[in-house]
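Reviewing the structure listed below.
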Amino acid sequence: MSEAAGPHAAAIAALLLGTALASALLTALATAYARRRRLLDLPGRRRSHAQATPRGGGIGIVLVVVLAAALWWPLRSEAWALVAALVLVAGVGWIDDHGGLAARWRLLAHGVAAALWLAPLVAGFWRGACQFPLGMDCDGLHLVIAALALLVGVGLVWSINLHNFMDGINGLAACQAAFVFAVAALAFAHAGSMPRAVGSATLLAATVGFIPFNFPRASVFLGDVGSGALGLMIGIVVLLLSLAPGIAAASGLLACSGFVVDASCTLASRMLRGRRWYSAHREHLYQWLVRTGLSHARVVALYMAWNVVIVVPALLWINRPRAHAGGSGVMLGVYALGVGLWLVGKRWCLRRVASGGADATA
């Protein structure tokens with residue numbers, strides 16, 4: 001390590017520590033605010049908690065990340081796009097936490113937020129499209145870029161809503177977000193992209209500051225303001241990982257595979273059975289596991305075990321030295337395994353519930 005690297009690393013460590021502490025302080029203030037305003041999630045047949053709990057604590061994460069992006073985000077070209085998108089997603093979530101907002105307005109805001117983030121990125125590709133010797137004219141390349149941008153935008157909107165769906169028990173969404181941000185920080189650092197490594201570490205630190213308030217026992221929930229914001233940030237990180245040189249393109253999708261499999265399989269299952277797939281329910285695998293009698297902490301441990309036992313080795317393999325592929329084959333294998341485990345786990349839960357030893361209400 002050079003003489004300059006030591007102070008630089010120490011400054012980054014101090015900033016990350018300050019980020020975590022600021023997130024914790026703001027979460028504590030948000031908890032007190034929610035109690036005073038009676039912003040409480042009450043127990044119910046479609047919820048997995050047994051006592052009234054304040055919601056909206058995720059605003060602490062949002063405020064810290066917005067402040068970091070505005071003041072010292074390493075890549076200024078991304079900072080304001082992040083701020084604009086994050087404020088919009090968090091804003092509609094905050095309104096929803098305070099009394100509800102129609103789904104169509106939430107989805108519209110999520111789509112606009114995705115467009116705000118993607119605009120500078122797409123503009124760069126658009127301007128440079130004709131410089132790539134791909135055997136296609138400029139109009140054709142522009143059409144491809146527009147189609148890919150639309151696909152990625154839909155993916156970002158899905159990520160925002162997916163993480164809202166998966167935020168139903170203590171600690172699960174926050175711990176999963178921390179895992180994805182940690183993977184991103186390490187991957188970017190290993191690839192030599194230190195600005196993005198520091199940015200990902202900032203997201204990690206902000207999330208870590210929130211976790212003690214939400215896990216293993218919850219004194220506050222993320223709320224829509226927090227879960228939607230985390231979903232947006234995770235979607236952005238996954239996209240940036242897929243574009244980064246020196247990192248296998250499938251790395252981000254691998255890191256969030258547990259959540260993608262559970263949310264997507266649950267959505268597909270409800271649609272195939274003719275359920276109102278957009279209505280509140282308790283049919284995700286993690287919710288069924290709680291209904292069998294497992295504690296929130298044990299269910300979170302199962303999802304983190306998937307990350308450690310399956311995802312981490314897969315990430316190391318596709319990012320090994322001299323690896324030539326982007327990891328799509330390994331990613332498909334991991335997702336296939338995840339779907340298989342989801343089916344087995346769901347059947348086990350249904351059998352256990354049918355035996356009369358657990359909560360059978362849907």
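Just so we're clear, the structure is a prediction, and the values are computed from it rather than from any experiment. No hydrogens, no waters, no symmetry mates; every other heavy atom, side chains included, goes into these values.
Side-chain contact check for Asp97 versus Leu39: every heavy-atom pair is 4.5 Å or farther apart. Taking 4.5 Å as the limit, some side-chain heavy atom of Leu267 sits within range of a side-chain heavy atom of Trp158. In this structure, the side chains of Leu204 and Leu16 stay at 4.5 Å or more apart for every pair of heavy atoms. Within the 4.5 Å cutoff, no side-chain heavy atoms of His296 are placed close to those of Pro216.
Counting only distance, with no hydrogens or angles, the side chain of Ser23 and the backbone of Thr19 share no donor-acceptor pair below 3.5 Å. Side chain of Ser251 to main chain of Ala248: a donor-acceptor pair is present (N/O by atom type, distance under 3.5 Å, no hydrogens or angles). Side-chain atoms of Arg282 do not come within 3.5 Å of backbone N or O of Gln287 as any donor-acceptor pair. With hydrogens and angles ignored, the 3.5 Å screen pairs no side-chain donor or acceptor of Asn214 with any backbone N or O of Asn170. A donor-acceptor contact shorter than 3.5 Å links the side chain of Tyr286 to the backbone of Gly168. Counting only distance, with no hydrogens or angles, the side chain of Ser269 and the backbone of Cys265 share no donor-acceptor pair below 3.5 Å. Put simply, the side chain of Ser159 never gets that close to the backbone of Gly155: no donor and acceptor are under 3.5 Å apart. No side-chain donor-acceptor contact under 3.5 Å links Arg352 to the backbone of Leu289. Asp262 places no side-chain N or O within 3.5 Å of a backbone atom of Trp342 that could act as its donor or acceptor partner. In this structure, Tyr335 contributes its side chain and Gly258 its backbone to no donor-acceptor pair below 3.5 Å.
Shown here are the salt bridge (charged side-chain N to carboxylate O under 4.0 Å, His left out) partners of Arg273, two or more places apart in sequence or in another chain: Glu283. Residues passing the ring pair (Phe, Tyr, Trp, His ring centres under 6.0 Å) test with His110, sequence neighbours excluded: none. Contacts of Phe179 classified as ring pair (Phe, Tyr, Trp, His ring centres under 6.0 Å), with partners at least two apart in sequence or in another chain: none. Residues passing the ring pair (Phe, Tyr, Trp, His ring centres under 6.0 Å) test with His190: none are found, sequence neighbours excluded.
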Output side-chain donor-acceptor pairs under 3.5 Å for residues 221-242, partner residues at least two apart or in another chain, one line each.
unit_1: Asp224; atom_1: OD1; unit_2: Asn164; atom_2: ND2; d: 2.5
unit_1: Ser227; atom_1: OG; unit_2: Asn164; atom_2: ND2; d: 3.2
unit_1: Ser227; atom_1: OG; unit_2: Gly223; atom_2: O; d: 3.2
unit_1: Ser242; atom_1: OG; unit_2: Leu239; atom_2: O; d: 2.6

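Once rounded to the nearest 0.5 Å, the distance linking CG of Asn307 with CD1 of Ile310 reads 10.0 Å. Rounded to the nearest 0.5 angstrom, Phe181 CZ and Thr207 OG1 are separated by 4.5 Å. Atom CG of Leu203 sits about 10.0 Å away from atom CD1 of Ile61, to the nearest 0.5 Å. Interatomic distance, CZ of Arg270 versus CG of Leu272, reported as 12.0 Å (0.5 Å rounding). A distance of 11.0 Å separates CG of Leu82 from CG of Leu116, quoted to the nearest 0.5 Å.
When each of Val62, Val64, Leu67 is tested with Leu26 by the rule side-chain contact (heavy atoms from CB on, under 4.5 Å), just one qualifies, namely Val64.
Residues Gln176 and Ala255 come closest through the heavy atom pair NE2-O, 3.2 Å. Closest approach of Ala197 to Ala185, counting heavy atoms only: CB-O, 3.5 Å. Smallest separation of non-hydrogen atoms from Ala244 and Phe188: CB-CE2, 3.8 Å. Nearest heavy atoms, Thr31 versus Ser219: CG2-O, 3.7 Å. Counting all heavy atoms, side chain and backbone alike, Ile59 lies closest to Ala30 at CG2-CB, 3.5 Å. For the residue pair Ala109 and Leu88, the shortest heavy atom distance occurs at O-CD2, 3.4 Å.
Between His163 and Phe259, the angle of the ring planes lies from 30° to 60°, which puts this pair in the tilted group.
A single hydrophobic cluster is not seen to contain both Leu253 and Val154; linkage of ILVMFWY side chains at heavy-atom distances under 4.5 Å, directly or through other members, places them apart. Placement of Leu172 and Val309 within a single hydrophobic cluster is found when ILVMFWY residues are connected by side-chain heavy-atom separations under 4.5 Å, directly or transitively. In this structure, Leu243 is not a member of the same hydrophobic cluster as Leu150, with clusters built from ILVMFWY side-chain heavy atoms closer than 4.5 Å. One hydrophobic cluster, built from ILVMFWY side chains closer than 4.5 Å, holds both Leu86 and Trp94. Ile318 is not connected to Leu186 by any chain of hydrophobic side-chain contacts under 4.5 Å among Ile, Leu, Val, Met, Phe, Trp and Tyr, and they are in different clusters.
Taking a 4.5 Å side-chain heavy-atom cut-off between Ile, Leu, Val, Met, Phe, Trp and Tyr, the cluster of Leu21 extends to Leu17.
Side-chain atoms of Trp306 and Ser257 form a donor-acceptor pair, as typed in the model, at a separation below 3.5 Å.
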Quiz item: So Phe210 and Val220, side chain to side chain contact (heavy atoms under 4.5 Å, CB included) or not? Walk me through it.
Solution: CA-CA 9 Å; Phe210 169 82; Val220 69; 4.0 Å; yes
Exercise. Tell me, with the steps shown, if Val260 and Leu162 meet side chain to side chain contact (heavy atoms under 4.5 Å, CB included).
Key: CA-CA 7 Å; Val260 174; Leu162 178 157; 4.1 Å; yes
Self-check item: Worked verdict on Met304 versus Cys175 for side chain to side chain contact (heavy atoms under 4.5 Å, CB included)
Solution: CA-CA 8 Å; Met304 294 306 105; Cys175 288; 4.1 Å; yes
Quiz item: Run the side chain to side chain contact (heavy atoms under 4.5 Å, CB included) check on Leu285 and Thr266 step by step: do they pass?
Solution: CA-CA 8 Å; Leu285 180 58; Thr266 300; 5.6 Å; no
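The environment of Trp317 atom CH2 is sparse: at most 12 non-hydrogen atoms of other residues, nucleotides or ligands sit within 6.0 angstrom.
In this structure, Tyr33 has its ring center closer than 6.0 angstrom to the ring center of His98.
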